[in-house]
Protein chains: 2
Amino acid sequence: MLTIGNLAKKTGTKVQTIRYYEQIGLMPEPGRTEGGQRRYGDAELDRLSFIRHSRQLGFSLDAIRELLDLSDHPEKSCDEADAIARRQLRQVEQRMARLKALRTELKRMVHECSGGRTADCRVLEVLRDHSECLTDHDDIGA
Amino acid sequence: MLTIGNLAKKTGTKVQTIRYYEQIGLMPEPGRTEGGQRRYGDAELDRLSFIRHSRQLGFSLDAIRELLDLSDHPEKSCDEADAIARRQLRQVEQRMARLKALRTELKRMVHECSGGRTADCRVLEVLRDHSECLTDHDDIGA
DNA sequence: TTACATCCTCTAGCTACTGTAGATTCAAGC
DNA sequence: GCTTGAATCTACAGTAGCTAGAGGATGTAA
């Protein structure tokens with residue numbers, strides 16, 4: 001039986017995060033000691049590991065909820081899990097493309113900075129003048 | 001003189017976002033009509049364009065605050081602006097490296113999914129088993 | 001004048017946590 | 001058994017960067 005602190009250590013999670021997952025229903029309510037402290041078993045350890053690993057791969061908590069649900073029903077078709085993973089892959093690829101464009105522009109900015117007064121600073125100039133910008137404008141977030 | 005709606009259109013910003021920028025002191029309090037509606041001039045248009053362009057390049061609002069301050073003082077040294085841009089470039093490169101690793105793993109997951117029952121689903125299996133994971137664990141976020 | 005788009009303020013919500021305060025519990029050492 | 005100190009408990013507030021909605025006022029064209 002694990003305390004919440006030990007579970008946290010084993011999974012690389014913060015204690016508060018575990019309680020948060022419980023609160024939003026991603027983790028089940030665990031057993032308690034007489035004094036009211038949470039105690040966890042292997043099932044919970046596995047579930048939390050699954051969640052953390054998925055988070056590291058960039059899945060949203062909602063996506064993880066679906067994946068956990070699929071994982072709980074081995075007789076269901078695998079298609080949905082596959083679709084979620086593909087969606088995630090597409091998102092990652094979009095973000096990468098976007099970051100690549102940003103990197104190009106940032107590199108150009110930094111390269112051209114001559115190191116004088118801000119009045120002649122290329123960095124600020126580029127930010128001021130949108131027309132030299134190559135990136136598209138729909139979305140921010142990186 | 002621009003209404004807030006027209007300023008929003010010209011800069012690709014939402015009206016609420018402009019008011020939010022004003023609230024946090026990133027945009028100045030503009031003049032008002034007798035009826036209390038905001039009216040903007042060219043200075044504000046320029047400033048908002050600068051902010052939006054910087055956001056598109058991934059700068060945080062705090063970083064933008066610094067950049068605007070530098071931009072307002074042409075006699076200052078350019079070094080700080082350069083440093084901020086370099087910091088941003090480093091961040092972008094870190095994120096790209098991370099996304100690259102994620103993409104590799106997601107591709108592997110999706111590739112190996114044979115499309116049967118979830119009981120045999122590679123996607124879920126990979127998420128369950130952390131040991132095959134190549135990514136490092138310090139940070140989530142994309 | 002009337003209709004209607006746009007504007008106003010205020011408040012709450014989003015994601016995924018993180019931090020704090022003040023009280024309680026657990027486990028180890030004596 | 002008692003003390004001590006780390007870990008736990010609940011509850012609430014805060015983070016970034018917006019976004020959405022209610023309910024009412026204003027601006028403008030026909």
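All values reported here derive from a predicted model rather than from experimental measurement. Every chain is numbered from 1, with letters handed out A, B, ... down the list of sequences.
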Give, for atom CZ of R55(B) and atom CG of L48(B), the distance between the pair rounded to the nearest 0.5 Å. 12.5 Å
Can you check whether R32(A) has a side-chain N or O nearer than 4.0 Å to OP1 or OP2 of dT25(C)? no
Could you tell me the separation between the CD1 atom of I18(A) and the P atom of dT18(C), rounded to a whole number of Å? 11 Å
N/O (side chain, R52(A)) to phosphate O (OP1/OP2, dC17(C)) under 4.0 Å: yes
Can you confirm whether more than 12 heavy atoms, excluding those of E75(B), are under 6.0 Å from its CD atom? yes
Does a nitrogen or oxygen in the side chain of R39(A) sit under 4.0 Å from OP1 or OP2 of dT25(C)? no
So which nucleotide from dA16(C), dC8(C), dT19(D) ends up closest to the side chain of Y20(B)? dT19(D)
Under 4.0 Å, heavy atoms only, any strand: does I24(B) hit a base, just the sugar-phosphate, or nothing? nothing
Tell me: CD1 of I51(B) to P of dA16(D), nearest whole Å? 16 Å
Report the distance from atom CD of E22(B) to atom P of dC7(C), rounded to the nearest whole Å. 14 Å
To the closest 0.5 Å, what do you measure between OG1 (T104(B)) and CG (L99(B))? 10.5 Å
NA contact type, R19(A), heavy-atom cut-off 4.0 Å: base, sugar-phosphate, or nothing? base
The answer to which of K14(A) and T3(A) contacts DNA chain C further toward the 5' end, by nearest nucleotide, is K14(A)
Heavy-atom count check: over 12 atoms from other residues, nucleotides or ligands less than 6.0 Å from D72(B) CG? yes
Please state how far atom CE in M1(A) lies from atom C1' in dA27(C), giving the value in whole angstrom units. 18 Å
With rounding to the nearest 0.5 angstrom, report the CZ to CE distance, R19(A) to M27(A). 13.0 Å
Looking only at side-chain N and O atoms, does T33(B) come under 4.0 Å of OP1 or OP2 in dG27(D)? yes
For dT19(D), does OP1 or OP2 lie under 4.0 Å from any side-chain N or O of T17(B)? yes
On DNA chain D, compare the nucleotides closest to N6(A) and E34(B); which residue's is nearer the 5' end? N6(A)
Any residue in residues 59-70 of chain A with a heavy atom nearer than 4.0 angstrom to DNA chain C? Just list them by number, or reply none. S60(A), L61(A)
Rounded interatomic separation in angstrom, taking CG from L48(B) and P from dC18(D): 11 Å
Q16(B) has an atom CD; how far is it from atom P of dT6(C), in whole Å? 13 Å
Can you check whether Y21(A) has a side-chain N or O nearer than 4.0 Å to OP1 or OP2 of dA16(C)? no
Say whether R52(B) and Y21(B), considering side chains only, have a donor N or O and an acceptor N or O under 3.5 Å apart. yes
How about CD on E22(B), more than 12 heavy atoms from neighbouring residues, nucleotides or ligands closer than 6.0 Å, or not? yes
